[in-house]
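Below, each value reflects all heavy atoms present in this structure, side chains not excepted, and no hydrogens, waters or symmetry copies.
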Amino acid sequence: MQVALVTLTWVALAGVVAPAPRTPTGARVAQLAADFGVRLFREAVERRGDGNAAFSPHGAATVLATLQLATAGPSRHQIEAAMGFDIDEPGVTLELRRLRKQLGGPGHHLAAAEGLFVARELALSPGVVTRFARALGWRLAQVDFRQPQQARAVLNAWVQNHTQGMIQGFLPPGAVGPSTRLVLATAVYFKGAWLHPFPVTSTRRRLFHKPDGSTVAVPMMEHTAKFNYGEFTTPQGLDYDVVELPYRGGAVSMLVAAPSRRDVPLAALTRALDARLMAAWATNMTCVLRLLVLPRFSLETTWDLRVPLKALGVRAVFEPEAADFTALSTEEPLVLARALQKVRLEVNESGTEASSATAAVVYSRMAPLEILMDRPFLFVVRHNPTGAILFMGQVTEP
Ligand SMILES: *[C@@H]1O[C@H](CO)[C@@H](O)[C@H](O)[C@H]1NC(C)=O
Ligand SMILES: *[C@@H]1O[C@H](CO)[C@@H](O)[C@H](O)[C@H]1NC(C)=O
Ligand SMILES: *[C@@H]1O[C@H](CO)[C@@H](O)[C@H](O)[C@H]1NC(C)=O
């Protein structure tokens, strides 16, 4: 199904990020983490265009918050500035741990797992292990990255296990190698049944309007119930509707938002959104009786978060000359080589099942950096002493 269901999915996952805050500090850190995750989504999705996409703001925020503990100098300050908090400020780690604990709850299955996989031979700075354990409750696992196939299998099995099998083969071949020194990973698994399931017998094909103006007939679920619903306007004057679909247990909801007019692109709405606004929706919706029609959908998205992170100012950590991981190890210079995320999500009459895996992969920068020619390229065969160009051409499909 080639449709733009961007809003559906990110709102679902962002909803997971911000449970009812209990304390002012908790509210602040949870809100800042959610806000960072949403801004990162906006940067990432803007570069992807109007295709389907699912993202996990919470998974990304957790990995970046943790990366603060491993970095120093400008590498660290840029992450703090992008996220709006410093993990060493009093109370912050306590609130992050509390947020994690609050995610679980009766009625739904929501589990977040974190893994800190360190190269066996890396000499860690004193106190690092205690800092990770004390700050976030993360335990450290040693991995032999000199056996890249096995290391990748271990990490992918960990992800698969913590996503109930939904995410397989998370790290692609070549993602870790003999120069890998650290992988910070998070896995999130959510399964929730609708408080009011859609009757399976009511699902039928209806037309869905694609961004390009064409239509496609897809199975749409429908049912009549009382929903929280609101009509809102962005600061730019764009009208949009929001409806809330609660899961059993009441702690998690899917919020579905769309521009009120079919000819307004979804991107116009996406650009206006932030975590604060989403929190404000809840207080401005009213419970009304409606017939809700929603497509059944299933998405899988993989993200390279390097460019979106750089757009948010997280740059030094990716630069071989500037990256500072001395908080982790002073033995050799390290650099963040990859920031990846994979998300799968399925929505049907009974509810939602969704998983994400996010990883930051840190390499020794003693090793040559990779140059990945995974896109069309030009070639020139040149005789250097004379400057003669012997051959040239382009490869667009090897
Ligand atoms: C899978 O997860 C369970 C708990 O969720 C744990 O007991 C088990 O050791 C894990 N297995 C692997 C291979 O990580
Ligand atoms: C919610 O309602 C309040 C008061 O009616 C208003 O000030 C606020 O702007 C509204 N928020 C949104 C997101 O519409
Ligand atoms: C909905 O999907 C879940 C898996 O996520 C599955 O167990 C359930 O049977 C599905 N329900 C329907 C009505 O297809």
Inset, instruction - Just jot down the side-chain contact (heavy atoms from CB on, under 4.5 Å) partners of Q149, sequence neighbours excluded, or say none. - result: R152
Inset, instruction - Evaluate the salt bridge (charged side-chain N to carboxylate O under 4.0 Å, His left out) criterion for residues R181 and E121: first the C-alpha distance (whole Å), next the side-chain angles of each, then the deciding distance (0.1 Å), finally the verdict. - result: CA-CA 8 Å; R181 294 294 177 265; E121 68 279 12; 3.6 Å; yes
Legend entry - Non-neighbouring partners of E80 that pass side-chain hydrogen bond (donor to acceptor under 3.5 Å, both in side chains), sequence neighbours left out: R76
Inset, instruction - Tell me yes or no: between the side chains of E349 and T203, is some donor less than 3.5 Å from an acceptor? - result: yes
Legend entry - Qualifying residue for side-chain contact (heavy atoms from CB on, under 4.5 Å) with V45, from T270, L266, L40: T270
Inset, instruction - Step through it carefully: locate the ring centre of Y189, locate the ring centre of H162, and say whether they are under 6.0 Å apart. - result: no
Legend entry - Summary of salt bridge (charged side-chain N to carboxylate O under 4.0 Å, His left out) pairs that have at least one residue in residues 230-252, sequence neighbours excluded: none
Legend entry - Rounded distance (nearest 0.5 Å) linking atom CH2 of W281 with atom OH of Y240: 5.0 Å
Inset, instruction - Please state whether the rings of W194 and F198 are parallel, tilted or perpendicular, taking 30° and 60° as the class boundaries. - result: perpendicular
Legend entry - Flag for T358-Q341: side-chain donor and acceptor within less than 3.5 Å: yes
Inset, instruction - Hey, could you give me the CD/CG distance between E95 and L32, rounded to the nearest 0.5 Å? - result: 11.5 Å
Legend entry - Salt bridge K310-E43, side-chain N to carboxylate O under 4.0 Å: no
Legend entry - Candidate pair L64 and L309, rule side-chain contact (heavy atoms from CB on, under 4.5 Å), full reasoning: CA-CA 10 Å; L64 265 289; L309 281 169; 4.0 Å; yes
Inset, instruction - Give a yes-or-no answer on whether the side chains of T352 and Y247 include a donor-acceptor pair shorter than 3.5 Å. - result: yes
Legend entry - Qualifying residue, where the test is side-chain contact (heavy atoms from CB on, under 4.5 Å) with F170 and the options are T302, T163, L155, V159: V159
Inset, instruction - Could you label the plane-to-plane angle of the F55 and F41 rings as parallel, tilted or perpendicular, counting under 30° as parallel and over 60° as perpendicular? - result: tilted
